[in-house]
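Here the structure comes first, spelled out in structure tokens, and everything after it is commentary.
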Amino acid sequence: GDSVTQMEGPVTLSEEAFLTINCTYTATGYPSLFWYVQYPGEGLQLLLKATKADDKGSNKGFEATYRKETTSFHLEKGSVQVSDSAVYFCALSLKAAGNKLTFGGGTRVLVKP
Amino acid sequence: SQTIHQWPATLVQPVGSPLSLECTVEGTSNPNLYWYRQAAGRGLQLLFYSVGIGQISSEVPQNLSASRPQDRQFILSSKKLLLSDSGFYLCAWSPPSRETQYFGPGTRLLVL
């Protein structure tokens, strides 16, 4: 079946450090890919998305590129802030599956001042 | 603009008691609606989704049920809660036939 695998956390960084969260997927077909962010005690917010190979999604300084050849969608940010502390979820959806989201397990990121 | 509401925000219930969580969406018509559960420290599991009034699909067997009595209302219920039902319940919506889902603030349920 379809699945998403992302690196386990927690990831602890200092402010202004470079952040990478790895995400790989398995899917039958050509999925759309998403990163969602969950701040403490809140629901999920869409961070960015990409709908086809080589697309780059970006938002709030975060970027991720849809790599079909490596079935990956790694999230990056060049300089993190304390306010980026959150849990990040990678997800995919397929039209053939009714656009239901399949999530990875989430990666907790803690940024220290 | 569209907004999604969930209530209650927090709920503490004894084992064996009933449950009703409500989700409503404003500012859109005929949305697809979803219920997810997030167990402590874990990822999200899709429980139910609906593409229209009275149309419910269940993703996992469990003692929970869902209903959609109105176009923009989605209810999650249980007749008798189990300890394992504890978790963070998230409702989401998407425009019809569109892929991006938008999440509500969630309900934290603790079953004791």
Side-chain angles (χ1 to χ4, degrees), chain A residues 1-11 21 23-25 27 29-52 55 57 59 66 73 86-110, chain B residues 1-11 21 23-25 30-52 55-60 66 74 87-110:
Chain A
D2 305 325
S3 66
V4 176
T5 302
Q6 58 183 109
M7 58 190 292
E8 291 191 20
V11 175
I21 304 176
C23 170
T24 58
Y25 67 89
Y30 301 99
S32 293
L33 301 173
F34 305 82
W35 278 102
Y36 281 85
V37 58
Q38 184 179 33
Y39 298 103
E42 300 183 8
L44 274 69
Q45 300 177 24
L46 177 66
L47 183 58
L48 53 85
K49 71 175 186 180
T51 58
K52 61 183 187 296
D55 268 1
N59 186 25
Y66 189 145
F73 193 53
V87 180
Y88 293 82
F89 291 94
C90 186
L92 68 83
S93 73
L94 284 160
K95 281 190 176 174
N99 287 328
K100 290 176 285 183
L101 284 170
T102 298
F103 284 91
T107 302
R108 184 176 299 277
V109 173
L110 177 60
Chain B
S1 64
Q2 301 86 9
T3 55
I4 178 169
H5 304 280
Q6 287 186 245
W7 64 88
T10 305
L11 191 60
L21 303 182
C23 170
T24 59
V25 181
N30 195 31
N32 292 342
L33 296 171
Y34 308 84
W35 277 113
Y36 292 86
R37 177 170 58 203
Q38 184 179 28
R42 303 182 66 179
L44 286 91
Q45 181 183 41
L46 178 63
L47 303 176
F48 301 95
Y49 71 96
S50 171
V51 298
Q55 301 179 61
I56 309 294
S57 295
S58 174
E59 290 295 298
V60 292
F74 205 24
F88 192 44
Y89 288 82
L90 289 158
C91 182
W93 75 275
S94 69
S97 301
R98 299 294 294 275
E99 57 201 2
T100 302
Q101 294 182 24
Y102 302 94
F103 286 78
T107 294
R108 194 165 302 281
L109 172 66
L110 180 60

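Because the structure is predicted, anything quoted here is derived from the model rather than measured. A note on names: the letters A, B, ... follow the listed sequences, proteins ahead of strands, and every chain is numbered from 1.
Atom CZ of A/Phe34 is separated from atom CD of B/Glu99 by 4.5 Å, given to the nearest 0.5 angstrom.
Between B/Leu44 and A/Leu44, some side-chain heavy-atom pair lies under the 4.5 Å cut-off. At a threshold of 4.5 Å between non-hydrogen side-chain atoms, the residues B/Gln38 and A/Phe89 count as touching.
Here B/Glu59 pairs with A/Lys100 under the salt bridge (charged side-chain N to carboxylate O under 4.0 Å, His left out) rule; sequence neighbours left out.
Both the backbone and the side chain of B/Thr100 have a heavy atom closer than 4.5 Å to some heavy atom of chain A. Proximity to chain B (any heavy atom under 4.5 Å) is shown, for A/Gln45, by neither the backbone nor the side chain. Proximity to chain A (any heavy atom under 4.5 Å) is restricted, for B/Arg98, to the backbone atoms N, CA, C and O. In this structure, the portion of A/Leu46 lying under 4.5 Å from any heavy atom of chain B is its side chain and not its backbone.
Closest approach of B/Phe88 and A/Gln38 over heavy atoms only: CE2-NE2, 3.4 Å.
By the 6.0 Å contact criterion, OH on A/Tyr30 is open, its count of non-hydrogen atoms from other residues, nucleotides or ligands being 12 or less.
Heavy-atom pairs under 4.5 Å with chain A were tallied for B/Tyr34, B/Tyr36, B/Tyr102; the largest tally goes to B/Tyr36.
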